[in-house]
Amino acid sequence: MPELPEVETTVAGLREPLEGRRLTRVEPRRPDMRKPFPVDLRQRLTGAEVTSLDRRAKYGLIATDRGDTMIFHLGMSGRWVIDAESVNIHDHLLLETSEGRHLALRDPRRFGFVDLLPTAALDVYPAFAAMGPEPLGPAFTAAYLKTALENRVAPIKAMLLDQRIVAGLGNIYVCEALHRAHLSPKRQASTIALKSGAPRPSANALADAIKAVLNDAIKAGGSSLRDHRQTDGDLGYFQHSFRVYDRAGEKCPTKGCKGTIRRIVQGTRSTFFCPVCQK
DNA sequence: CCGACAACCTGACGGC
DNA sequence: TGCCGTCAGGTTGTCG
């Protein structure tokens with residue numbers, strides 16, 4: 001469940017059980033996920049009150065009244081499960097609150113991880129320091145996109161997956177945004193940025209398409225793929241609104257377009273697009 | 001500096 | 001039914 005809309009939805013779902021609540025139990029159930037759990041995670045979080053929940057790109061942020069923030073990343077298969085009947089073998093971190101709520105960070109592939117640092121040091125957290133703007137924030141504009149992509153020879157698809165250009169997009173939403181903007185994923189990135197002065201129409205269309213698809217997905221509660229339902233607040237249905245992702249062989253949904261969605265591989269990852277209306 | 005690619009893990013699915 | 005290959009929402013490090 002791991003691109004920006006899914007993390008946004010996850011964080012929203014964690015507010016009710018966590019915000020303003022005290023953590024009475026913090027229990028890693030193994031030494032590591034993709035990275036080791038911080039050695040002092042339990043000691044620094046137990047007894048603390050959660051003051052706010054937030055999101056940066058695909059990272060969730062849980063701040064406490066002791067000046068710490070727990071950072072979590074869901075990797076490919078991670079999600080939070082609230083008040084499950086029993087503990088799953090892939091529940092790697094358990095939290096319990098003063099209200100008796102039980103939360104489990106479940107991640108079969110273990111590409112996710114947890115970190116802990118002083119809230120005041122968030123800006124210098126390496127992953128954040130190198131990160132581009134939030135696509136739904138004020139800094140992400142057509143003009144920014146144009147500047148960030150000029151001189152870039154790589155395909156636009158690869159550039160949009162680069163978190164240093166824009167932070168929070170993943171494979172699904174890049175494919176979807178490029179389709180909405182009618183831009184080919186194979187197009188050289190700099191070609192939407194050529195010429196000085198005003199942004200080109202394609203840069204405008206792309207920035208707009210990115211914001212639109214993310215907002216639509218958040219409204220739908222994100223996308224739920226192979227990891228099934230569950231997680232009290234976590235039933236996203238945006239996968240039903242995919243226009244190209246995982247739809248190879250289907251008719252292109254663009255009005256008046258007679259194309260068929262194709263799957264190609266770019267830099268080891270699947271790309272879905274319409275060769276007819278995406279130029 | 002840039003781009004390509006392997007590695008980290010488990011599970012689901014299709015083909016034989 | 002079972003075994004095997006392939007693929008999956010991400011990130012990071014290495015190599016040329």
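Convention: sequence-line order gives letters A, B, ...; per-chain numbering from 1.
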Using distance only, find each side-chain donor-acceptor pair of residues 175-184 of chain A under 3.5 Å and give its atom names and separation, not counting sequence neighbours.
unit_1	atom_1	unit_2	atom_2	d
A:Glu176	OE1	A:Arg243	N	2.8
A:Glu176	OE2	A:Arg243	N	3.2
A:Glu176	OE2	A:Val244	N	3.0
A:Glu176	OE2	A:Tyr245	N	2.8
A:His179	NE2	A:Thr254	OG1	3.2
A:Arg180	NH1	A:Asp216	OD2	2.9
A:Arg180	NH2	A:Asp216	OD2	3.2
A:Ser184	OG	A:Lys186	N	3.1

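Regarding contacts with the backbone of B:dG11, a side-chain N or O of A:His90 is found under 4.0 angstrom from either OP1 or OP2. OP1 or OP2 of C:dG10 sits under 4.0 Å from a side-chain N or O of A:Arg269. Under 4.0 angstrom from either OP1 or OP2 of B:dA7 there lies no side-chain N or O belonging to A:Arg34.
Of the N and O atoms on the side chains of A:Tyr59 and A:Asp115, not one donor lies less than 3.5 Å from an acceptor on the other residue.
Of the nucleotides present, none pairs with B:dC9 by Watson-Crick or G-U wobble criteria with both distances under 3.5 Å.
Side-chain atoms of A:Ser270 lie closest to C:dA8 of the nucleotides B:dG11, C:dA8, C:dG9. Checking B:dC2, C:dG9, B:dC9 against the side-chain heavy atoms of A:Arg110 singles out B:dC9 as nearest. Here the nucleotide nearest the side chain of A:Pro108, chosen from C:dG10, C:dT11, B:dG11, is B:dG11. The side chain of A:Tyr59 approaches C:dT12 more closely than any other nucleotide in the set C:dG10, C:dT12, B:dG3. Distance from the side chain of A:Lys58 is smallest for C:dT11 among the nucleotides C:dT11, C:dG9, B:dG3.
The stretch residues 207-215 of chain A does not touch DNA chain C, since none of its heavy atoms comes less than 4.0 Å from the strand.
Judged by closest nucleotide on DNA chain B, A:Pro155 is the one of A:Arg109 and A:Pro155 placed further toward the 5' end.
A:Gly267 comes within 4.0 angstrom of no nucleic acid atom, judged by non-hydrogen atoms across all strands. A:Arg164 comes within 4.0 angstrom of no nucleic acid atom, judged by non-hydrogen atoms across all strands.
For C:dC3 and B:dC9, the P atoms lie 24 Å apart once the distance is rounded to whole Å.
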